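Reviewing the structure listed below.
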Amino acid sequence: MTTLTQPPEATSTKAGRPNRRLWTYVAIAVGVVALVSAVRVITGADEIDSPGSLRAALIATCPILLAALGGLWSERAGVVNIGLEGQMILGTWGAAYFTYWYGPMTGILGAIALGALGGLLHALATVTFGVDHIVSGVALNIIGLGLSSFLAEAYFSDLNSSRGTGGQNKLSGLESPPSFTVPGLSDAAGNLADKHWFVLSDLAGTVAALTTSISAITLLVFVLVALTAWVLWRTSFGLRLRACGENPQAAESLGVNVLLHKYVAVVVSGGFAGLGGGYLALVASSGFSTGQTNGRGYIGLAAMIFGNWRPGGILLGSGMFGYTDSLRLRDSSTIHALLLLVAIALLVFAVLQAVRGHRTSGLVLGGAGVLFLLWYLFTDEVPREFTSMTPYVATLLVLAFAAQRLRMPAADGQTYRKGSAG
């Protein structure tokens, strides 16, 4: 029987494409840093790219990035997983419980295990029993929230009583995973960031945020991004898994165990989401509270869609959402400066769309950019209520403006039955 393997000619003829895509992502990242630098200089809002802001953005990015990676694994195999939110919630409880009794590293494993269990339930419903993927995901979100609340009351209420603290659905003071600082580099980068030398100082601020007391789990997150890209696009297993999301009947005819690959993908997806929940409980807040994910599973799905189901795009999208999420902790002047940043970005996208011949899209983007520019010019501050809405508004804007260039896996969300190959 013919098996699905990596075609040698495809490897040779397209060898340079991943490198070009990588350099494209790097160019976009540098361009974003330059744009943020320009906005800082124009507005005088130093908090918009200070090392403290960038560090907060890094911490806010990681759980969203993990949820997005989970969605990538699942949807590349053809299973829509909107249950990421519920799996993250299960991960927060698993991290809190196992950390309290066995330590933070065991807590991380517990978070992954609880999230993977949620992924297994989703795979059982969608892959084996053919339940609609959206229905199963919504049910899983409800189950995750309800189950974590029940388990918190069952296990944490006695712990809180013995410690003299209130709140049955909370557990604070958890031990965090180990952190480390790159000697010399973090201090040098921090000193250079304080100089405010346009792009150079902002790049230095990013380095300082990445090398000063960074959690081992934060480093693991970015390792998982690289590992995901290598597994899904550089191995035969990844090729088979992606084939299951594009044309499962053809994959089956070539000897691929489609059901097994779908199960593996969805369970791994749940594990990533659970790790994201564990990150929230142990790194971002050092404590558990019911529903602390606060919709980050859904934002992770938006980041995955924005990234066009690719790791590099997901990294950029998650960074953008994490950055806007972290700005809620800053003063209103920083959010006001963000209006100018959004206006310039929209106008740049409008010009690019017009150059490519998409005049309607260019006009819409340009009009939105002008509105944001007028909002910035004729106001002095942003209402505090809008500040808390920043990440969700950014999600809607990105999905609305990025929809034209998206290409989801062809068989994503479709019910597959073994032996249905024609």
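None of the values given here were measured: they were computed from a predicted structure.
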> What's the shortest heavy-atom distance between L232 and R242, and which atoms?
Replying inline: O-NE, 2.6 Å
> Would you find a donor on one side and an acceptor on the other, under 3.5 Å apart, between the side chain of E246 and the backbone of P409?
Replying inline: no
> Where the side chain of S318 meets the backbone of L315, is there a donor-acceptor pair that is under 3.5 Å apart?
Replying inline: no
>> Assess the residue pair F222 and L58 against the criterion (side chain to side chain contact (heavy atoms under 4.5 Å, CB included)); give the C-alpha distance rounded to whole Å, side-chain angles, the decisive distance to 0.1 Å, and a yes or no.
In response: CA-CA 11 Å; F222 292 95; L58 177 66; 3.5 Å; yes
> How far apart are the closest heavy atoms of G70 and L84, and which atoms are they?
Replying inline: C-CD2, 4.2 Å
> Which heavy atom in T43 sits nearest to a heavy atom in A337, and how many Å separate them?
Replying inline: OG1-CB, 3.6 Å
> Between E85 and N294, which heavy-atom pair has the shortest distance, and what is it?
Replying inline: OE2-N, 4.0 Å
> Are the side chains of T415 and F129 in touch, meaning some heavy atoms are under 4.5 Å apart?
Replying inline: no
Would you mind writing out the side-chain donor-acceptor pairs for residues 105-125 within the sub-3.5 Å range, not counting sequence neighbours?
| from | atom 1 | to | atom 2 | distance (Å) |
| --- | --- | --- | --- | --- |
| H122 | ND1 | S136 | OG | 2.8 |
| H122 | NE2 | V80 | O | 2.9 |

>> Does T235 form a side chain to side chain contact (heavy atoms under 4.5 Å, CB included) with W230? I'd like the steps, not just the answer.
In response: CA-CA 7 Å; T235 66; W230 179 77; 3.7 Å; yes
> Roughly how far, to the nearest 0.5 Å, is the CG atom of L352 from the CG atom of L347?
Replying inline: 11.0 Å
>> Name the residue from L282, V283, L275 that meets the side-chain contact (heavy atoms from CB on, under 4.5 Å) definition with Y279.
In response: V283
> Would you say L340 and F372 make side-chain contact, with heavy atoms under 4.5 Å?
Replying inline: no
> Tell me, do T218 and I59 make a side-chain contact under 4.5 Å, heavy atoms counted?
Replying inline: no
> How about P311 and W233: do any of their side-chain heavy atoms sit closer than 4.5 Å?
Replying inline: yes
>> Between L65 and F321, is there a side-chain heavy-atom distance shorter than 4.5 Å?
In response: no
>> How long is the straight-line distance from CG of L151 back to CZ of F288, given to the nearest 0.5 Å?
In response: 8.5 Å
> CZ of R240 to CG of L260: how many Å apart, nearest 0.5 Å?
Replying inline: 11.0 Å
> Closest heavy-atom contact between M304 and L72?
Replying inline: SD-N, 3.5 Å
> Are V256 and H261 close enough, and set up right, to give a side chain to side chain contact (heavy atoms under 4.5 Å, CB included), and what steps lead you there?
Replying inline: CA-CA 8 Å; V256 176; H261 282 76; 3.8 Å; yes
> Where the side chain of S269 meets the backbone of A265, is there a donor-acceptor pair that is under 3.5 Å apart?
Replying inline: no
>> Counting C-beta onward and ignoring hydrogens, is there a side-chain heavy-atom pair between R296 and D325 closer than 4.5 Å?
In response: yes
> Hey, what's the ring geometry for W93 with F98, parallel, tilted or perpendicular (30° and 60° as the breaks)?
Replying inline: perpendicular
> Could you go step by step and tell me if M88 and Q292 meet the side chain to side chain contact (heavy atoms under 4.5 Å, CB included) rule?
Replying inline: CA-CA 9 Å; M88 288 186 76; Q292 71 187 111; over 6 Å; no
>> Determine whether a donor-acceptor pair (N or O, by modelled atom type, separation under 3.5 Å) exists between the side chain of H336 and the backbone of Y376.
In response: yes
>> Any side-chain to backbone donor/acceptor pair from N141 onto I82? Under 3.5 Å, distance only.
In response: yes
>> Any salt bridge linking E252 with K262? Criterion: basic side-chain nitrogen under 4.0 Å from a carboxylate oxygen.
In response: no
> What is the distance from atom OG of S148 to atom CD1 of I143, rounded to the nearest 0.5 Å?
Replying inline: 11.5 Å
> Any donor and acceptor pair, going by atom type alone, linking the side chain of N308 with main-chain N or O of R407 inside 3.5 Å?
Replying inline: yes
> With no hydrogens and no angle check, do the side chains of T228 and W73 hold a donor and an acceptor under 3.5 Å apart?
Replying inline: yes
>> Less than 3.5 Å apart, any donor N or O on the side chain of T128 or Y263 sitting next to an acceptor on the other?
In response: yes
> Do other residues, nucleotides or ligands put more than 12 heavy atoms under 6.0 Å from the CZ atom of F150?
Replying inline: no
> If every non-hydrogen atom of A251 is compared with every non-hydrogen atom of V258, which pair is closest and at what distance?
Replying inline: CB-CG2, 4.2 Å
> Can you tell if the side chain of L174 reaches within under 4.5 Å of the side chain of Y100, non-hydrogen atoms only?
Replying inline: yes
>> Nearest 0.5 angstrom please: L301 CG to I64 CD1, how far?
In response: 11.5 Å
> Between the main-chain N or O of G71 and the side-chain N or O of S74, is there a donor-acceptor pair closer than 3.5 Å?
Replying inline: no
>> Using the side chain to side chain donor-acceptor pair (under 3.5 Å) criterion, which residues pair with Q414? Sequence neighbours excluded.
In response: none
>> With rounding to the nearest 0.5 angstrom, report the OG1 to CD1 distance, T324 to I299.
In response: 7.5 Å
